[in-house]
Every structure is written in structure tokens, then in C-alpha cells.
Number of protein chains: 2
Amino acid sequence: MRVITVSLASPVPIHDQLVAELRRLIASGGLRIGHELPPVRQLANDLGINLNTVARAYRELTDAGLLASARGRGTVVIATVERPRGRPAEERRRIESTLAAALSDAKIAGLDLDETRTLIDRQLARIWAGDRPHRQPDATA
Amino acid sequence: MRVITVSLASPVPIHDQLVAELRRLIASGGLRIGHELPPVRQLANDLGINLNTVARAYRELTDAGLLASARGRGTVVIATVERPRGRPAEERRRIESTLAAALSDAKIAGLDLDETRTLIDRQLARIWAGDRPHRQPDATA
DNA sequence: CACATAGTATCACACAATGATACAAATGTC
DNA sequence: GACATTTGTATCATTGTGTGATACTATGTG
């Protein structure tokens, strides 16, 4: 299973999806400082999208201070955390709201409370365990 | 606080947000069978968006079998569950993935495991408690 | 019947995402 | 050191889609 996936059907722009995925990989330790990302052409090819779209995602993360890109050399992770952008209270509301949406989705799909809790526990373990990953995956596409 | 909110800044189209919100309200019992939704013009006005956008959301939910609309009469809830659209396994993957995204977001924002658990518990209680709501809210905007 | 209310249809506009293509900088190779 | 290769960057066009303004139609009400 490729680590990075995008959905062409989603209303969310592909480059936004990519940015989110990479942020998650970096935050979870799947991508560490010094890690090289695949060239824009390669990743674009793997995902079946245009190289501009990948380039845009890389650039946004570069602007955010997480990546560093240079012609001929490639793109590499230079930080694992970024300075928060919004006010904490707003940030918290936003998070709570996406979380609520995800949980509601589960209920809409017919999951009961226990099933949902099981899913949550699994994901919590995976995400917070990522701080000290057991295996060092290729971590890209 | 209005029950229905949309974010004009979000990359997700407004009508998609509306559909999701209404689905959640219906699934959580905030909107029951027979409940009338506000007229498209009113809701559009309350939210500061165009009436077409609201109409589109209503129509999508009508097509999904959750609402019934008629000129002059308004729009009412006619069902609280819709038939699942995809195969269960795919559906589950999708849910797990949005959930993972939401949780990763929390981590990226700097929340620790305990804080995240607190947020989750609160939302779980809210959403699943909705089956038997204490107060019968206006439930719209 | 007249008027208000509510959903529906049509049309236009603007923006943004994506893609094709060309350019520029760094690196490696002989 | 010249040249090809690799990699990111810039430019431009296209197209889809979301949103909005406006007009139309059906239902309810007095």
C-alpha cells in the first residue's frame, strides 16, 4: 500500500490533500529531518497527477518551513513542527469540528459506539506510536 | 450559536458543507422525520450565501431520499437513514481514513494524547447522545 | 381571484485547479 | 570543462465548477 494517496473524486483539491498527507507523515514521524522526498515528476507519475500539483504542495510546505527544495538537488525535510498559524482557541474549535464531522460520519455509516471506539483506539495508537516507529518505511509513494 | 454553520474560507464547497451538516443533524436526531427545514431564501440569508446554494443542498438530500421538497410547501425530513452507497469494506476504510486525518490534525496542532481523548469523549457523548435529545432545538440556523 | 410563499430553472461570471510546455539551476560523467 | 541528466520553477491556457442574479412555476391563504 502506498503511503501517500489522493482522491481525484474528492472536492478537496489534490494539492491540499497532498499537503495534508505530507504534514501527517512528518508529524507522525514517518518522515524525519533529512528525509528526501521523491522528485515531483516521480511522485506525480506515481499518483497519476500533474507535476505542477506536486510542486505546488512541496512549495506550500517549503513556505511553511517544513521542507527545503532546490533545483537539481531535490526536496528534503528540514523541520518536523511548524509554528501554529491561528489563535489557539480558534485552532481548537477547528480541530473539534473536524473531529465531530469524522465521528458523525461514522455514525451515519451505521457504526455503533463500540465499533467507533475501537476504530479510534486503533488510530490513536498508530498516530501517537509514530513518535518512535518500529520500522523505517520508504514513507512516500 | 446557530446549529448550521458553513465556512466560506474552506476549500470544501458550501453546498457540500451544507449537505454534510444536514446529514449529521438528521443522523444525530437533531432533525426528525416531519421536521420542516427553513425556506431556501431564509437559510441562504441567514448564512449569507446564495439561495441556489441552499437549494442545491436540499436537492441533493432529496435525491438521496432524506428530504422531500415541494414548491409552495417547503422541505421536510422524510427519512433518517439512507441506504449505504458503497461496499461496507470501502466505506469502513473511508471512515477510518477521515478519522485518522482528524486525529493527526489534533496532533499536528500540538494536542497531546490525553487532550485529544478528552475532545473525543466529549464529541462521542454529544453525537451518540443525540439519539434522545434533551431539548428539541429549532435545529436549523 | 389575488397575493404571498416556496421550490425550480436558466443564464452568466469568476475563480481556481489542473495540465502542457518551456526554463533554469545543480549535479554527475567523460 | 563541456555536456547530458536530474530536479525544481515559471508561464500560459483550459476547463470545470461553484456561486450568484434573475425569472419562472406551483402551492397555500385570505
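The chains referred to below are lettered A, B, ... by the order of the sequence lines, with proteins before strands, and numbering in each begins at 1.
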Derivation and outcome, salt bridge (Lys or Arg N to Asp or Glu O under 4.0 Å), residues B:Glu96 and B:Arg92:
CA-CA 6 Å; B:Glu96 196 152 8; B:Arg92 196 171 186 96; 5.3 Å; no
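In this structure, A:Ile49 reaches the sugar-phosphate backbone alone: every heavy-atom distance under 4.0 Å involves primed, P, OP1 or OP2 atoms, never a base.
Nearest to the side-chain atoms of B:Asn50 among the listed nucleotides D:dT9, C:dG7, D:dT19 stands D:dT19.
Contact annotation: the side chain of B:Thr80 never approaches that of B:Arg32 to less than 4.5 Å [non-hydrogen atoms, C-beta and beyond].
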Restricting both atoms to N or O, compile the protein contacts to nucleotides 23-27 of chain C shorter than 3.5 Å, with distance only.
unit_1: C:dA24; atom_1: O4'; unit_2: A:Arg71; atom_2: NH1; d: 3.4
unit_1: C:dA24; atom_1: O3'; unit_2: A:Arg71; atom_2: NH1; d: 3.1
unit_1: C:dA25; atom_1: O4'; unit_2: A:Arg71; atom_2: NH1; d: 3.4
unit_1: C:dA26; atom_1: O4'; unit_2: A:Arg71; atom_2: O; d: 3.2
unit_1: C:dA26; atom_1: O3'; unit_2: A:Arg73; atom_2: NE; d: 3.4

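For B:Asn52 against C:dA9, a side-chain N or O and a base N or O form a donor-acceptor pair under 3.5 Å.
Once rounded to the nearest 0.5 Å, the distance linking CG of B:Leu8 with CD1 of B:Ile49 reads 8.0 Å. Note that CD1 of A:Ile108 and CG of A:Leu111 are 11.5 Å apart. Values are rounded to the nearest 0.5 Å.
Going from atom CG of A:Asn45 over to atom C1' of C:dG19 covers 14 Å, rounded to whole Å.
In this structure a side-chain-to-backbone donor-acceptor pair under 3.5 Å is present from A:Glu115 to A:Asp112. Between the A:Ser10 side chain and the A:Val6 main chain, no donor and acceptor come within less than 3.5 Å of each other.
Within residues 10-19 of chain A, the residues that place at least one heavy atom under 4.0 Å from DNA chain C are, in residue-number order, A:Pro13, A:Ile14, A:His15.
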